[in-house]
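Throughout, a chain's letter reflects where its sequence line sits, starting with A, and its residues are numbered from 1.
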Amino acid sequence: MPTSCSSRTSTALSPDLSVRPASSPCQTEGEVVAIAQAGAGIFWLELALSLLPMSPMAGQFAMVGFKDTQDPLLNRPLSIASFEAGSTGCRVGFLVAIRGKGTRRLAEARQGHKLRVIIPMGQSFLRHVGPDQRRIIAVAGGVGVAPMVLLGRQIKQVSPEADFLLLYGAKTKAELAKRHLGLTDGLYVATEDGSEGFKGRVTELVEAERALLLQAGGSAKVFACGPLPMLYALNKLAERHRFDLVVSFEGPMGCGMGFCLGCAMENREGMYVKLCQKGPVMDAKEVDWERLTRSDELRGAGCDFKPA
Amino acid sequence: MPTSCSSRTSTALSPDLSVRPASSPCQTEGEVVAIAQAGAGIFWLELALSLLPMSPMAGQFAMVGFKDTQDPLLNRPLSIASFEAGSTGCRVGFLVAIRGKGTRRLAEARQGHKLRVIIPMGQSFLRHVGPDQRRIIAVAGGVGVAPMVLLGRQIKQVSPEADFLLLYGAKTKAELAKRHLGLTDGLYVATEDGSEGFKGRVTELVEAERALLLQAGGSAKVFACGPLPMLYALNKLAERHRFDLVVSFEGPMGCGMGFCLGCAMENREGMYVKLCQKGPVMDAKEVDWERLTRSDELRGAGCDFKPA
Amino acid sequence: MTSNRLEVTFLGKTIKNPIVAASGCYGYGLEQPELLPPEAFGAITLKGLSATPKRGNPPPRIAETPCGMLNSIGLENVGIEAFAKNTWPHLRGLGVPIIANFFGDDETEFQKAAQMLSDLEGLFAMELNLSCPNKPQWGRILASDPKVASRLVRLIKPLCRYPLIVKLSPNVASISEVAKACEDSGADALSLINTLLGMAIDVDAKSSRLGTRFGGLSGPSIYPIALRMVSEVSRAVRIPIVGMGGVSSPEDAIGMMLAGASLVGVGTLLLVNPFGVEEIKQGMLAYLDRHGLEKVACLQGRL
Amino acid sequence: MTSNRLEVTFLGKTIKNPIVAASGCYGYGLEQPELLPPEAFGAITLKGLSATPKRGNPPPRIAETPCGMLNSIGLENVGIEAFAKNTWPHLRGLGVPIIANFFGDDETEFQKAAQMLSDLEGLFAMELNLSCPNKPQWGRILASDPKVASRLVRLIKPLCRYPLIVKLSPNVASISEVAKACEDSGADALSLINTLLGMAIDVDAKSSRLGTRFGGLSGPSIYPIALRMVSEVSRAVRIPIVGMGGVSSPEDAIGMMLAGASLVGVGTLLLVNPFGVEEIKQGMLAYLDRHGLEKVACLQGRL
Ligand SMILES: Cc1cc2nc3c(=O)[nH]c(=O)nc-3n(C[C@H](O)[C@H](O)[C@H](O)COP(=O)(O)OP(=O)(O)OC[C@H]3O[C@@H](n4cnc5c(N)ncnc54)[C@H](O)[C@@H]3O)c2cc1C
Ligand SMILES: Cc1cc2nc3c(=O)[nH]c(=O)nc-3n(C[C@H](O)[C@H](O)[C@H](O)COP(=O)(O)OP(=O)(O)OC[C@H]3O[C@@H](n4cnc5c(N)ncnc54)[C@H](O)[C@@H]3O)c2cc1C
Ligand SMILES: Cc1cc2nc3c(=O)[nH]c(=O)nc-3n(C[C@H](O)[C@H](O)[C@H](O)COP(=O)(O)O)c2cc1C
Ligand SMILES: Cc1cc2nc3c(=O)[nH]c(=O)nc-3n(C[C@H](O)[C@H](O)[C@H](O)COP(=O)(O)O)c2cc1C
Ligand code: FES
Ligand code: FES
């Protein structure tokens, strides 16, 4: 059984940040216990941790890196998709899309391979959920579904009354990682080529299924994660249809720990905030959407989107 | 079945080198088909090549490197310990001692892992064997036994009449990689702690078994590979007892291909020669032993030997 | 007790181990008190501070490179006033020697920052950053010209209540020339190296992978350059050196000390492997044992 | 035929692809005619030659570093006379443009080498190496001072029968200053970068991992520095540039051209992955297709 991360009381406030980190991460070793294809270009990665971290909350992420090489050097941020702690140890699961050097090497890891893991980091979706929340609508594009897997499991603990719907879009059926969602009810799928579910983008599906938002007394909250163009379009919808939108950003990060200021993102007041501590989950109202997309600042997200 | 390396006729001589490379290496991919512990700190590595190279001759080496990272950057020279080409493909085997970053990562490779292989390189022991050779005595220290494995198999093809004896030393029994030698007859083992065979260094074993050298009409040839102190001591014996000694050096290399001049080693005439092309197998008489050991020039070989 | 085997003396003070957080890679020291406690370090260098707050550069600010990374943070900071009010009170009490890294956009701002930091109680030292490669405001990297560096050190040294460490740039033809100029102008110690000016291109977008055209290269890839510079400078000057640049293992840290460093800075390592600080300290102790040495201080300049 | 999509013009000549073997990493071009045939390259730069043979430095001459390597070969070579007699006849007939890299231990030797190379028939160009970090004889790296570089170029240019490429050093505060000085002094083209001066220590032996104290750093680790310098120099001069330093992938090579290089040199790559030359050429063609471009020459300076 893994030993628990030492927890010491600290009165110090994160100096230039009003948000206290949601939790204290710990650094540990993660041994690959399962790795499997989850869809075209997407795989499921499950690690057994040798330390027991604080329990992660949906929307939080881990920094995952290689111990046996310095190329790639930096740890990669990955949303926590599952977490189980038992008497025999603890396991964390990720859904990973192969994008570049780091994720490609991750995909080639075999059982027994040991990775560096710093976990859990950042703000969670859960702090945006009240106990009286009746409906949570998660909107996910591509591998942005990863945090929603954990959200689907945790939401019942936080708001037992809430129903949870997942609107999940991908380019094609092959790219859907449905097997790992742990969901059957309340799943609405969109594919751009119509090979499964609604034909079109997931934002179009949101528009089409707008009725879902209006039920449950109008108190539905939309949580979203996916490519920047999707989030941008969703925000437009939120403004038009006046629903609450909370988004998670996958912008590039250096350390994920608040040390380097490498994850700066401009907020509505024109101030740079650290996405790794203030985010990745943020209220859409705090975001300066026009600047974000105009200035191409989240180019790291692989976004070639130019707003019209 | 792998395609064969294209072979074109070339009249060009290696410009600053009198020795024409024994063979034209080709670059190919090697997939790990077997990897197993062979002794304490030593493992057996077997690769299936996707191209059919020229058949390697004992004493030749391959440059082996990682395709999925640039850290470690350089390929590592490894003596070819086995080679089999059949209709289903071709396999090459290595005995590897874990020394630093590169060999440690190699040891962690799993089946299916793909490596870069340039093979075969350098001069062989075989060009020092006449068809009339009656006795070959191989003296190996530690992982220096690797080329002797192939030598034991190939010697019969070249000199069918010759008998082949292997004098093989290691610190302890645990460090002997006996299972992979493919030899039962003619094996003489020495361990420094006496845990198997003769108690002492392999050079002391040579001294003790000097009679072996004198049989077969005095035409016995000694082929040796191992740490520099061992080779140095063996050369002293060769001078004293007047036997022919041919040694293989494991000095540090950059490219192994003759491009970089990184493997320079001074010969008897005080000239730098490229160990990767003129060696690694060299007639002991061509070597400037005093300079070699005095100047610490093969420090890369992990040698902390200071001659008395 | 093994722990005082790592003790070193630096600028007249006993430091409990030679590992120093490099500026900009450990924030203001309070970001992760549990993951990487400030007490792990012999001393902590803070993210660069200036008299007035600075916004820094537009994102993206980080691009990975082979065994390294580029950053174009651009010295974003809250300004010394806000720092003094909100952060310093929390930091002071920790008992870890604090080095305040500082800069200005022009000479007056440099002077102002030096004065403001001198007003703080309880700093260990001040580190003058003349070597940031992300300051177009400077026209050039100040520490790339011995005359410019010398002029600034002379200007600022008299304003400093605490020992002055000058941080040098590797983007020079002869770093020992600059080092000597700084020593002659009154620097109490030197720290080197800052990042190397570099660039990364997104070939598909045909643009820089950073929000700026260039950035500063750090991490393991620059270690051989840093080590050489520390070795060179340690033979050229008599003031002590904080050696840094790519240190990521016990061997790297030991190498820095053998080459002449009194303290060893770690920057990029902290972004990647916070536990590396502990690994380095343990590895140093193991090395001392292996070589029959009493104290890590024995290593210094032994090459 | 796709192959002429890789054609570029350099110094008035059509070169069949922009990939050039960097000096010292492909020997004299004849070492591995089957593994990596000379015809793979647009042009080949030979290992540095001098008027008289040079022994080079004592081993070890190579030390690996994170994503890079140090070398201290020290310009070992057979001398131009032996080269002309034994090697040149074999090389000439290949039809691949040959660039002869050369140097001397002093000014007279530099001049002598330039004259001797000018006596050869059929060279494509001469590359003046002012930037080797392994020449203690020089006192300093010649290309680290614009005045010294300029003086040598002026001295040597009149002796050259073939176009003169000057090879620059990254060990400078401002490489564009040196570049401009060389252009003004008559250089026909520039190549950059040579290696960065670095060091590696064997901490257990407490000594350099090379036979010399310092060596030259090359390989992927230096790519970001090389790219920045090519970008800087290409804006500062009008003569063409051979961009090199750490190129190891199609993207790296394309990046070099976007930053302003006309040709792309590969050095350390050849020591590691000879097949990389083919990978780069194929990757360039794929990139042209993806971006709807006709010729690789379109990329140049498009950043
Ligand atoms: C908080 C957070 C949570 C994330 N969760 C997941 C997840 O659960 N599953 C998943 O597959 N991915 C997730 N990502 C994205 C993932 O981190 C990147 O895809 C990954 O870092 C790319 O690394 P690479 O080495 O494969 O690509 P690189 O070679 O580094 O780059 C390839 C491409 O990816 C872009 N890129 C680099 N870093 C990032 C980044 N941090 N985010 C987005 N794009 C990047 C690059 O600009 C480039 O276009 C998350 C990112 C963040 C910030
Ligand atoms: C022709 C030749 C054949 C060889 N055959 C074998 C073999 O069959 N099996 C085997 O286990 N090893 C063999 N070696 C040695 C092997 O190449 C090295 O052990 C290996 O390169 C070390 O790499 P590393 O990354 O593990 O160590 P590094 O981290 O590079 O270094 C670890 C230690 O090994 C030393 N070292 C580095 N390069 C070499 C080198 N080329 N040779 C010796 N020591 C070196 C270093 O100086 C250091 O002390 C051979 C070497 C040569 C030149
Ligand atoms: C993200 C980041 C921010 C940095 N900020 C500063 C700074 O504010 N002031 C400074 O003098 N150096 C700064 N540096 C340079 C480091 O302190 C250090 O000199 C350099 O990174 C080399 O060390 P390393 O390779 O260990 O990171 C910064 C480096 C990085 C990577
Ligand atoms: C082993 C080796 C030998 C070299 N010899 C020379 C040389 O003789 N003349 C020269 O101008 N540059 C020489 N160089 C420098 C390279 O030509 C090149 O400029 C440098 O290595 C950077 O490119 P790379 O990173 O692609 O290797 C040498 C480099 C290496 C690695
Ligand atoms: S990623 Fe380093 S501060 Fe956020
Ligand atoms: S190792 Fe490169 S020439 Fe021998």
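To the nearest 0.5 Å, atoms OG1 (Thr65(C)) and CD1 (Ile222(D)) are separated by 12.0 Å. Residue Asn171(D) holds its CG atom at 10.5 Å from OG of Ser174(C), rounded to the nearest 0.5 Å.
Contact count versus chain D (heavy atoms, under 4.5 Å) is highest, among Pro224(C), Ala226(C), Gly255(C), Gly198(C), for Pro224(C). The candidate with the highest count of non-hydrogen atom pairs below 4.5 Å against chain C, out of Glu251(D), Arg302(D), His291(D), is His291(D). The greatest number of non-hydrogen atom pairs below 4.5 Å with chain C, out of Ile225(D), Ile254(D), Asp252(D), is found for Ile225(D).
Remark: the backbone N or O of Val203(C) is paired with a side-chain donor or acceptor of Tyr287(D) at under 3.5 angstrom.
The two residues Ser221(D) and Leu217(C) have their closest heavy-atom pair at O-CD2, 3.9 Å. Here the shortest heavy-atom pairing between Cys67(D) and Cys67(C) reads SG-SG, 2.7 Å. Listed here is the closest heavy atom pair of Ala259(D) and Ile201(C): CB-CD1, 4.2 Å. Scanning all heavy atoms of the two residues, the minimum distance from Leu258(C) to Lys206(D) falls at CD2-CD, 4.0 Å. For the residue pair Leu227(D) and Ala200(C), the shortest heavy atom distance occurs at CD2-CA, 4.0 Å.
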Original post:
Going through the checks in order, is the side chain to side chain contact (heavy atoms under 4.5 Å, CB included) test met by Glu232(C) and Leu197(D)?
Top reply: CA-CA 11 Å; Glu232(C) 235 184 276; Leu197(D) 193 58; 4.3 Å; yes

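The contact between Asp204(D) and chain C is made by backbone and side chain atoms together, counting heavy-atom distances below 4.5 Å. For Leu196(D), the part sitting under 4.5 Å from any heavy atom of chain C is the side chain, from C-beta outward, and nothing else.
Counted within 6.0 Å of CZ on Arg238(D), heavy atoms from surrounding residues, nucleotides or ligands total 12 or fewer; the atom is thus considered open.
Side-chain contact check for Ser231(D) and Arg213(C): at least one donor-acceptor pair (N or O, by modelled atom type) lies under 3.5 Å.
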